[in-house]
Asks: 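Pasting a structure below so you can have a look.
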Amino acid sequence: MMKQVKSVEYGLEKIFEGAQDFLPLLGTDYVEFYVGNAKQSAHYYKTAFGYQSLAYAGLETGVKDKASYVLKQDKIRIVLTTPLTADSPINEHLKKHGDGVKVAALWVEDATKSYEETMKRGARSFMEPTVEEDEFGQVIRSGIYTYGETVHIFVERKNYNGVFLPGYKEWKSDYNPEPTGLKYIDHMVGNVGWNEMNTWVKFYEDVMGFVNFLSFDDKQITTEYSALMSKVMSNGNGRIKFPINEPAEGKKKSQIEEYLDFYGGPGIQHIAIATDDIIKTVSQLRARGVEFLSAPPHTYYQAIPERLGVHMDMMKEDINEIEKLAIMVDADEDGYLLQIFTKPVQDRPTLFFEIIQRMGAKGFGAGNFKALFESIEREQELRGTL
Ligand code: TYF
Ligand code: FE
């Protein structure tokens, strides 16, 4: 069994005490994907995941070199961007990485201060503080690099009441599939190279004032399952959680290594999205063609009462229904959680999504890792990458 290292020291209360306040974060602002065909990606995210049209920028709005579609569902905003010309630098990104996440944007009170505070602590600049304006007000954005070619953009929008950002026009569409109950981004996970995890843990600690509140050790599982190590970084108010994975030596090729090979280096591996009715959400996603990893064996579901222990009484979901949908359940000292993972959402085995419903639990489903990794390995086997 994978060990979940957790002590009082890493409890949420200590996060408030231990975290620095030089970079107060209000939440995730948006996630921007670079994709080969933004128009078709937008259709996929609307049709399959139930996102709503929000904003657009492109030729029709005076942008000559790229097109961006902005979609929204509850608190989540995603931007799908594609290059329009051969000399756009986005082509380089696409050639190397394929479709993937370029920007994890963070909502801040002061984008200039966020930039200055992180830069003086050793961040690498992506974008100096820049004022953008239109008839709806003013937005200031700045940005720094994190692992690989991924960036964090700080967004200050307190003087803005437009639909997204200056330069975008509202996108009203006649095609509006029903939402699927996706609420907000729970966490975004990065894969980094061999022995690089602690470098990036230190980056989030020193440069961004985050703390490491959970660690997952690979030791006990390396001999049987494709191995990895993981540390969860959180900001001070616990709203932003960035786990970081690195591959570990195992009997089989690590799923993290497979990602690094196909993504051409470090990048965002999965985005976990919260719902408060996972049975309804997953039923709808399945009906709309979203593909999920295969279910754990029946014995996994038989063992749920044992795995949930004291939290079993609290569980209101029907185990048969959960098994039918291939949803997994785990518990920690604070409660339980339900989670499921999509297959990669592009042809390269890189980015995928997690759907998560937290019923008090603050962990990441360590009790499911074995079943999850076996399921991922069945996919790797089919791809011949194990
Ligand atoms: O975010 C997490 O830690 C969980 C579990 O390759 C996980 O969702 C860990 C590693 C991985 C996939 C999922
Ligand atoms: Fe996750």
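Note that this is a predicted model, so its numbers are computed, not measured. Atom set for the values below is all heavy atoms of this structure, side chains included, hydrogens, waters and symmetry mates excluded. We count ligands from 1, going down the list as the structure has it; atoms in each ligand are counted the same way.
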Asks: Give the residue, atom name and distance (to 0.1 Å) of the protein heavy atom nearest atom 11 (C) of ligand 1.
Replies: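 It is Gln269 NE2, 3.5 Å.
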Asks: Which ligand 1 atoms, with their elements, are less than 4.0 angstrom from a heavy-atom of Val189?
Replies: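 Atoms satisfying the 4.0 Å criterion: 1 (O).
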Asks: Using non-hydrogen atoms of the residue, decide whether Phe369 is closer than 4.0 angstrom to ligand 1.
Replies: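 Per 4.0 Å heavy-atom rule, Phe369 contacts ligand 1.
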Asks: Could you find the nearest protein heavy atom to atom 4 (C) of ligand 1 and give me its residue, atom name and distance?
Replies: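 Heavy-atom neighbour on the protein nearest atom 4 (C) of ligand 1: Phe364 O, 3.5 Å.
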Asks: Please classify the Phe341 to ligand 1 contact at 4.0 Å (heavy-atom distances, strictly less than): side chain, backbone, both or neither.
Replies: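 Side chain only.
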Asks: Find out whether Phe126 and Lys102 are in side-chain contact, i.e. whether some heavy atom of one side chain is under 4.5 Å from a heavy atom of the other.
Replies: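 When only atoms from C-beta onward are counted, Lys102 and Phe126 do touch, with a gap below 4.5 Å.
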Asks: Less than 4.0 angstrom from a charged side-chain N to a carboxylate O is my criterion; do Lys253 and Glu258 meet it?
Replies: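 So Lys253 does not pair with Glu258 through a salt bridge.
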Asks: Got Lys120 and Phe22 here, is their nearest side-chain heavy-atom distance under 4.5 Å?
Replies: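 With C-beta onward as the side chain, the pair stays apart.
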Asks: List ligand 1 atoms under 4.0 Å from Glu354, heavy atoms only on the residue side.
Replies: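 Taking each heavy atom of Glu354 in turn, ligand 1 has 8 (O) under 4.0 Å.
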Asks: Show the atoms of ligand 1 that are less than 4.0 angstrom away from any heavy atom in Leu372.
Replies: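 Those atoms are 7 (C), 12 (C), 13 (C).
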Asks: For the rings on Phe164 and Tyr30, is their centre-to-centre separation under 6.0 Å?
Replies: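 Yes - the distance between ring centres of Phe164 and Tyr30 falls below the 6.0 Å cut-off.
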Asks: For Gln255, take its heavy atoms, then give the atoms of ligand 1 lying under 4.0 Å from any of them.
Replies: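 In order of numbering, the contacting atoms are 6 (O), 11 (C).
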Asks: Do the side chains of Lys370 and Glu374 get close enough for a salt bridge, i.e. N-O under 4.0 angstrom?
Replies: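 Glu374 and Lys370: salt-bridged.
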Asks: Under a 4.5 Å cut-off applied to non-hydrogen side-chain atoms, are Thr112 and Ile140 in contact?
Replies: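 Yes, at least one pair of side-chain atoms sits under 4.5 Å.
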Asks: Check all N, O or S atoms of His270 and name the one closest to the Fe ion (ligand 2).
Replies: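 The nearest such atom is NE2.
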Asks: Does atom CD (Glu132) have a neighbourhood of more than 12 heavy atoms from anything else shown, all under 6.0 Å?
Replies: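 Enclosed: over 12 neighbouring heavy atoms sit under 6.0 Å from CD of Glu132.
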Asks: Would you name the N/O/S atom of Glu354 that lies closest to the Fe ion (ligand 2)?
Replies: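 Of the nitrogen, oxygen and sulfur atoms in Glu354, the Fe ion (ligand 2) lies nearest to OE1.
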